[in-house]
2 protein chains.
Amino acid sequence: MTQITVAPRRPGGHGGDSGRPRDPQTDRAILRATVELLAEVGYLDVSVAEVARRAGVSKPTVYRRWARKSQLVVEALVTQMLPDNATPSGSAGEELLALTEQLISTLTLTPLGRVLPGLVAEMAADAELAHSYRELVIGPNRSRWRAAVERGIGRGELASDTDVDLVLNALAGPLYFSLLITGDPIDDYYARAAVDLVLARYGTARADARPSRR
Amino acid sequence: MTQITVAPRRPGGHGGDSGRPRDPQTDRAILRATVELLAEVGYLDVSVAEVARRAGVSKPTVYRRWARKSQLVVEALVTQMLPDNATPSGSAGEELLALTEQLISTLTLTPLGRVLPGLVAEMAADAELAHSYRELVIGPNRSRWRAAVERGIGRGELASDTDVDLVLNALAGPLYFSLLITGDPIDDYYARAAVDLVLARYGTARADARPSRR
DNA sequence: GGGATATGTTACGTTACGTCATGTAGCCAA
DNA sequence: TTGGCTACATGACGTAACGTAACATATCCC
């Protein structure tokens with residue numbers, strides 16, 4: 001996950017190397033201001049004008065880099081994503097538990113939680129944005145989950161007919177559901193309970209070194 | 001579920017019975033136009049002006065009844081909700097399966113699916129709206145699911161320590177997740193697979209009259 | 001220095017929200 | 001029948017944000 005960017009604009013269709021170069025500091029200042037504002041007021045109330053003001057930059061300078069507010073926001077989010085937490089280890093149950101807990105952290109501790117509602121609305125109306133978001137944020141995450149499940153199957157801890165997508169959705173879905181729809185707080189024991197649910201269905205005898213309590 | 005309305009406005013703070021009465025036809029025309037537009041263009045691109053035009057009504061007439069566009073939309077949605085599908089019957093597994101399938105229908109066949117993304121954004125920014133939506137749409141539904149689970153516990157088909165909220169979220173969450181975030185289509189076998197997941201964890205021996213195949 | 005691009009400033013066009021003012025239409029009660 | 005009250009249509013308005021354009025200036029590379 002290195003240096004991901006969303007369609008950095010080159011006005012006039014050129015990608016020219018001549019002329020005055022862009023100030024990289026400006027890019028950073030804009031992204032920083034965006035993250036800051038997102039955390040304060042959420043997606044809908046972020047205005048490009050205010051972002052520009054805080055970054056000490058003019059509005060056209062923002063639009064020269066990102067064609068739409070939504071793209072700016074996606075890229076700002078990517079810079080805030082928590083790093084991959086070390087290498088996988090432990091049983092399938094432990095791995096899934098760790099991934100679920102990390103997702104909870106991301107949704108809870110980073111600005112993502114405040115941003116997601118507005119972003120969801122934009123994604124529904126802007127296919128390109130939806131694509132970016134899924135590719136940059138959702139995709140990489142899913143790969144890690146998928147890998148964990150497949151390792152579990154390989155070790156015989158999960159049944160060979162395990163429905164991978166169902167497992168991912170069963171663990172992640174309720175989190176987004178609470179965040180976006182019901183507004184209910186996320187229970188401290190959610191991760192464990194959800195993983196138990198999955199293991200009860202797809203876990204094999206060998207998986208009963210699982211970290212559940214009941 | 002009879003005659004639910006969202007804060008019908010009475011201008012000037014009066015709830016007076018004097019003066020010219022509102023034309024009930026006008027209310028219906030506005031709601032109908034709203035549903036129609038929602039289905040066509042989704043939440044974000046619904047404009048009150050266009051709603052008014054289609055309803056053959058002026059803009060202030062709309063605002064006289066609903067203080068905000070979002071409230072109008074919620075009420076329009078309520079009129080579109082599918083009716084309770086008969087009385088509960090069958091095993092806990094069958095009941096949950098039926099409820100899940102009905103939720104899929106609601107999200108797929110009614111305008112709710114197109115509306116939800118935009119509504120989610122508004123709810124995040126408008127606590128009052130969120131409250132209305134949860135009370136009018138989410139709440140009644142949840143009660144039915146909860147009742148089904150509790151009947152299952154009562155009949156001994158579900159374990160007595162069944163985590164009711166977890167069950168509801170595990171069945172409904174992934175649907176919203178797919179709809180709002182991943183954009184993946186909802187698999188035909190989702191309902192059955194998800195119910196299986198729940199029964200594997202919370203079903204008792206007695207529940208094995210369950211309608212699962214494997 | 002000259003060509004090319006970035007940047008700031010300022011202004012603009014567009015859209016939609018939500019409100020207000022005015023005149024007219026329709027109900028009720030005295 | 002008359003007066004009071006409210007609904008309604010029309011048209012205009014204020015506000016706010018998006019996204020773009022024009023122009024002058026700054027900064028880079030050759």
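Note: hydrogens, waters and symmetry copies are ignored here, and every other heavy atom, side chains too, is used. For clarity, every value in this text was computed on a predicted model and none was experimentally measured.
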**Study point:** Value in whole Å for how far the C1' atom of dA22(D) lies from CZ of Arg64(A)
**Key:** 13 Å

Review point. Can you check the Ile30(A) CD1 to dT7(C) P distance for me, whole Å?
Key: 8 Å

Practice item. Please report the closest heavy-atom contact between Asn169(B) and Arg142(B), naming both atoms and the distance. Key: OD1-NH2, 2.6 Å

Exercise for review: Considering non-hydrogen atoms only, spot the tightest contact between Arg114(A) and Ala39(A) and give its length.
Suggested key: NH1-O, 3.0 Å

Check your understanding: Does any N or O in the side chain of Tyr190(A) come within less than 3.5 Å of the main-chain N or O of Leu171(A), such that one atom is a donor and the other an acceptor?
Key -> yes

Review point. Mapping Ser58(A) and Arg68(B) to their closest nucleotides on DNA chain C, which lands nearer the 5' end?
Key: Ser58(A)

Check your understanding: Which part of the nucleic acid, if any, lies within contact of Val46(B), taking any heavy atom under 4.0 Å across all strands shown: a base, the sugar-phosphate backbone alone, or nothing?
Key -> sugar-phosphate

Review point. Hey, does the side chain of Thr61(B) come within less than 4.0 Å of dA9(D)'s phosphate (OP1/OP2), counting only N and O?
Key: yes

Revision key, fill the gap. Once base and sugar-phosphate atoms are separated, protein heavy atoms under 4.0 Å mark nucleotides 24-30 of chain C, 5' to 3', with B, S and - as -BBB---

Point to revise | Protein-nucleotide distance (Asp23(A), atom CG; dT5(C), atom P), rounded to Å | key: 18 Å

Review point. Closer to the 5' end of DNA chain D via nearest nucleotide, is it Pro60(A) or Asp45(A)?
Key: Asp45(A)

Exercise for review: Write down the distance between CD (Glu122(B)) and P (dA16(C)), rounded to a whole number of angstrom.
Suggested key: 15 Å

Exercise for review: In whole angstrom, give the distance that lies between atom CZ of Arg53(B) and atom C1' of dT10(D).
Suggested key: 16 Å

**Study point:** Neighbour count above 12 (heavy atom, 6.0 Å) for Arg32(B) CZ
**Key:** no

Exercise for review: Rounded to the nearest angstrom, tell me the gap between atom NZ in Lys59(B) and atom P in dT10(D).
Suggested key: 13 Å

Check your understanding: So, is Arg65(B) near the phosphate of dC8(D), with a side-chain N or O under 4.0 Å from OP1 or OP2?
Key -> yes

Check your understanding: Once you round it to whole Å, what is the distance between P of dA17(D) and CG of Leu72(A)?
Key -> 16 Å

Review point. How is Ser47(A) classified with respect to the nucleic acid when contacts are heavy atoms under 4.0 Å: base, sugar-phosphate, or nothing?
Key: sugar-phosphate

**Study point:** N/O (side chain, Arg22(B)) to phosphate O (OP1/OP2, dT6(D)) under 4.0 Å
**Key:** no

**Study point:** OP1 or OP2 of dC18(D) under 4.0 Å from side-chain N/O of Lys69(A)
**Key:** yes

Practice item. Tell me, yes or no, whether the heavy-atom count around Arg68(A) atom CZ, taken from other residues, nucleotides or ligands under 6.0 Å, exceeds 12. Key: no

Review point. Where do Tyr43(B) and Lys69(B) come nearest, in terms of heavy atoms and distance?
Key: O-NZ, 3.5 Å

Point to revise | N/O donor-acceptor pair under 3.5 Å between Arg134(A) side chain and Ile181(B) backbone | key: yes

**Study point:** Spacing of Trp66(A) atom CH2 relative to dT20(D) atom P, expressed in whole Å
**Key:** 15 Å

